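For clarity, every value in this text was computed on a predicted model and none was experimentally measured.
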Amino acid sequence: MTRLLGWVRGLAPTLVALVMALLITGVFILIIGEDPLAALGALFDFGDSPTAQANSIGVWINRATPLFLAGLAVSICFRMGLFNIGVEGQYRMATVVAAGVGAAIVLPAPLHILVIVVVAMAAGAAYAAIPAVLKTTRGVSEVISTIMLNSIAVGLAAWLVRSPFADPDLGSGETAATREIDESGQFPGLNDLFGALGLEEPRRPVHGFVVVAIVVGVIIAVVLSRSRFGFELRASGLNAMAAAANGISSRAMVIKAMLLSGALAGLVGLPDLLGSAHRFQSDSFVAGYGFTGIAVALLGRNRPGGIALAALLFAFLDRAGPRLQSEGIPPAAVTIMQGIVVLSVLIVDEVARRRLRRREERRARAEDPTTRSEEVAS
Amino acid sequence: MTENSAPVIELAGITKRFPGVVANSDVHLEVRHGEVHAVVGENGAGKSTLMKILYGMYQPDEGSISVDGRAVEFGNPKDAIAAGIGMVHQHFMLADNFTVLENIVLGAEPTTGLRLDFRAARRKITEISDRYGLGLRPDRLVEELSVADRQRIEIAKVLYRGARVLILDEPTAVLVPQEVDALFANLAELRSAGLSVIFISHKLDEVRQVADRITVIRRGSTVATVEPRATTSRELAELMVGSELPTPETTESTVTDVVELAVAGLGISADDGPSLLSDITFDVRQGEIVGFAGVEGNGQSELVEAIMGLRKPDTGTVVLGADDMTLWPAQDRRAAGIGFIPEDRHRQALLLDAPLWENRLLGWHVKPPAGGRYWISPRLARQEAAAIMADYDVRAPGPETLADALSGGNQQKFVIGREMSTKLRVLVAAHPTRGVDVGAQAAIWDRLREARAAGLATVLVSADLEELLGLSDTLYVLFRGRIVAKLDPSEVTPKVLGGYMTGAVTQDGEVGAQDGEVEG
Ligand SMILES: Nc1ncnc2c1ncn2[C@@H]1O[C@H](COP(=O)(O)OP(=O)(O)OP(=O)(O)O)[C@@H](O)[C@H]1O
Ligand SMILES: [Mg+2]
């Protein structure tokens with residue numbers, strides 16, 4: 001009960017921040033000479049026909065899933081004060097390798113998918129191991145190395161898809177891509193579920209991988225709050241020196257955190273790969289989740305539940321992009337609004353924390369000075 | 001100068017409440033011009049809180065502050081500094097990789113126009129340093145300096161900002177006796193220049209030696225202001241606690257023949273200059289407390305870190321029972337039953353922004369029941385934290401309280417309780433009673449003796465000679481990284497010990513030798 005209350009109280013500042021962000025974006029839209037109310041309408045417009053609405057919901061889910069996974073990946077490192085800017089490169093590498101390996105093998109359905117997932121996580125972790133090793137052995141800042149590795153990943157993935165993993169059946173004029181993953185390695189969509197719930201079926205596949213993402217989120221939440229690793233991560237983040245003095249090796253923690261972060265990053269590209277693309281192609285690969293993931297992790301305050309809400313919010317705004325455009329509002333407005341949301345949440349959060357502290361002090365003042373005065377009397 | 005009739009500081013009826021705690025209730029304090037005014041009281045009595053109120057860091061819920069007879073209100077430390085009040089905190093707040101000059105100037109940057117005027121700053125600092133005998137070298141990096149030097153920087157920092165009233169919160173807790181004398185000489189200079197000093201300490205002899213008047217705080221309220229000449233330390237302690245102090249029990253030796261910790265030929269070389277540790281050899285048997293005396297910076301920290309596995313020795317071995325653990329990582333040593341009370345609780349022993357129950361797990365999070373190889377149990381950790389709070393008289397609202405909200409002495413008591421409430425084989429304790437009040441000190445000493453009687457092997461590093469002489473079964477003196485003397489604590493006097501510590505005396509009886517040959 002008190003926990004629920006705490007949750008609500010924790011959420012209140014975020015809601016305030018959201019309203020603030022809406023207002024500021026509204027002012028921005030006024031300035032560029034458009035109608036903020038129309039924009040607001042577009043934001044919540046899921047379409048007229050049932051099919052359009054189902055489509056909208058599908059797009060929302062498809063967008064939120066990778067954002068959630070990316071936010072989760074970033075947050076692991078954030079917890080101990082590490083900045084893994086490299087989720088972007090890690091998931092690109094992981095996706096191309098998983099696509100290549102997945103197309104090369106044929107296995108019974110669940111096993112095939114499992115292998116692809118494991119390969120993707122391993123590839124992501126391996127790519128994240130590079131900055132981890134550089135940091136622990138050479139003291140290279142992970143911010144710099146991961147940014148560099150992001151650029152390298154673009155080139156490396158382009159090469160992989162052209163040479164070792166290339167689909168030999170493609171004509172010379174066609175864009176390079178990996179071979180299509182066999183049907184056994186394709187993740188079933190949620191489209192049927194829509195029907196079962198009495199909704200229209202969306203026209204495009206709704207990625208079933210969201211279920212995996214939710215399970216992963218729950219596991220990570222438990223690991224962070226209940227496991228030895230979660231405690232060590234938190235202790236290292238709060239006071240690295242005290243953690244070290246008490247036997248928590250900061251090197252080991254840097255490596256563990258980066259590997260886990262990389263492994264999670266490896267999942268980011270899978271909803272799309274397993275759910276609809278079934279192959280890796282440089283041009284149609286959706287980039288940018290790694291960077292947006294940073295904002296999502298910030299907004300979700302490094303907690304899995306928060307990150308889920310943040311991912312839903314970001315995806316909700318992204319989804320509205322095309323509709324806003326049809327209202328004459330540049331799609332950049334969505335990006336701006338996302339930025340404002342993060343900023344205002346951080347600011348409101350800080351203000352709220354101070355106010356909470358003051359209120360606690362006031363409450364203590366109002367209460368009878370019991371704790372101490374009794375002791376004095378004795 | 002100001003008129004000397006009104007007291008420079010007058011605090012009247014100050015009350016301050018925190019969630020679940022009344023830190024100050026109706027406190028009165030009056031400080032005169034040119035006086036050293038001591039404030040004493042138990043851990044958590046509210047001394048630091050009162051000082052933070054005077055320094056503008058907290059606002060009182062009730063009561064008034066006047067400076068030179070004028071009522072003032074401080075919204076933040078800036079206001080207090082403007083009124084001529086400066087504070088040196090219980091836990092220092094210097095930036096390690098800045099120079100002395102930069103640290104002093106930080107936050108009060110001298111400007112001519114828009115540019116920093118370091119020339120003028122340097123001149124002013126040299127002037128302050130000379131006038132009060134602080135002996136500062138403006139271009140040294142702070143990280144290279146000893147604790148006593150850092151403290152003088154903090155004092156200079158405050159004087160630089162024009163303070164007429166200096167608040168020193170437990171300045172002597174971190175100093176060895178020689179350094180304390182030097183500090184008191186500095187305070188005398190300040191006093192004769194007409195400045196006032198408010199001085200907090202748990203060492204009552206020291207308080208009586210340096211203070212002109214003493215105010216006693218008990219459980220948040222002032223109980224008396226007394227003259228040091230008319231009061232004994234014992235009377236002071238009883239005023240603080242509100243009851244008579246127990247007399248410390250005499251103890252007989254409990255030393256057994258079983259060697260629990262054996263350190264042999266330990267050496268750590270420095271990147272440049274002389275070795276940090278060389279050829280350290282000693283045994284600690286079950287039921288024995290082995291003390292290490294020495295002026296801070298003579299190898300104590302390195303020795304402790306080498307035993308705990310936080311620093312790799314270049315030569316030598318550390319053996320626990322029958323196991324050579326020289327190559328063991330720190331975690332395995334803790335798991336094998338080595339307790340650790342580090343010298344700097346804020347940096348090494350606590351997660352200040354975490355609740356007490358999480359702090360309970362620190363260092364022991366792999367140890368069941370609350371900890372474990374893979375999982376921790378927050379529920380059990382909460383229970384254990386509550387038990388420690390009860391057993392070690394840690395005064396705080398509960399296990400959910402952030403460590404940061406505890407008074408310095410209560411933080412220390414919690415750390416001691418955490419380490420000692422596990423079944424230990426060896427305890428490595430650095431300054432275990434630093435910052436705790438006389439009552440708690442006696443209680444901790446009793447705990448250490450009890451554990452010793454139960455067979456614990458203890459390595460004790462302390463700057464408090466009374467503690468070293470009173471607890472140790474064997475006493476070594478560290479000087480420039482070597483053991484220069486092995487002494488019997490029942491026969492040695494603090495004066496002789498001080499001689500060894502400063503290198504003035506060696507065990508061969510030579511006077512003034514640099515590296516006395518080692519015995520035993
Ligand atoms: N920021 C804070 N939030 C909540 N409680 C606090 C805070 N600061 C101090 N307290 C509480 O107020 C009381 C007085 O603390 P204070 O630090 O003034 O004690 P002290 O006399 O300086 O003790 P010590 O000798 O141990 O340093 C303690 O019970 C402490 O837990
Ligand atoms: Mg204090």
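With a 4.5 angstrom heavy-atom cutoff, B:Leu350 touches chain A only via backbone atoms. Within the 4.5 angstrom heavy-atom criterion, only side-chain atoms of B:Leu310, from C-beta onward, approach chain A. Neither the backbone nor the side chain of B:Arg345 has a heavy atom closer than 4.5 Å to any heavy atom of chain A.
Contacts with chain A were tallied for B:Met308, B:Glu305, B:Gln348; B:Gln348 has the most, counting heavy-atom pairs under 4.5 Å. Considering only heavy-atom pairs separated by less than 4.5 Å from chain A, the leading option among B:Gly372, B:Pro329, B:Gly363 is B:Gly363.
Of residues 232-241 of chain A, those residues with a non-hydrogen atom less than 4.5 Å from any non-hydrogen atom of chain B are, in numerical order, A:Glu232, A:Arg234, A:Ala235, A:Leu238, A:Asn239, A:Met241. Contacts of residues 117-137 of chain A with chain B at a heavy-atom distance below 4.5 Å are absent; not one residue qualifies. Annotation: residues 244-258 of chain A contacts chain B through A:Ala244, A:Ala245, A:Asn246, A:Gly247, A:Ile248 [non-hydrogen atoms, separation under 4.5 Å]. By a heavy-atom distance cut of under 4.5 Å, B:Gln331, B:Arg334, B:Phe340 are the residues of residues 331-344 of chain B near chain A, going up by number.
Residues A:Arg228 and B:Arg373 come closest through the heavy atom pair CD-O, 3.0 Å. Minimum interatomic distance between A:Phe231 and B:Leu361 (heavy atoms only, all atoms of both residues): CZ-CB, 3.5 Å. Of all the heavy atoms in B:Pro378 and A:Ser225, the pair that sits closest is CG-O, 4.2 Å.
Counting non-hydrogen atoms of other residues, nucleotides and ligands closer than 6.0 Å to CZ of B:Arg425 gives a total above 12. For B:Met325, the CE atom counts as densely surrounded, since its 6.0 Å shell holds more than 12 non-hydrogen atoms of other residues, nucleotides or ligands.
Between the side chain of A:Arg226 and the backbone N or O of B:Trp375 there is no donor-acceptor pair closer than 3.5 Å.
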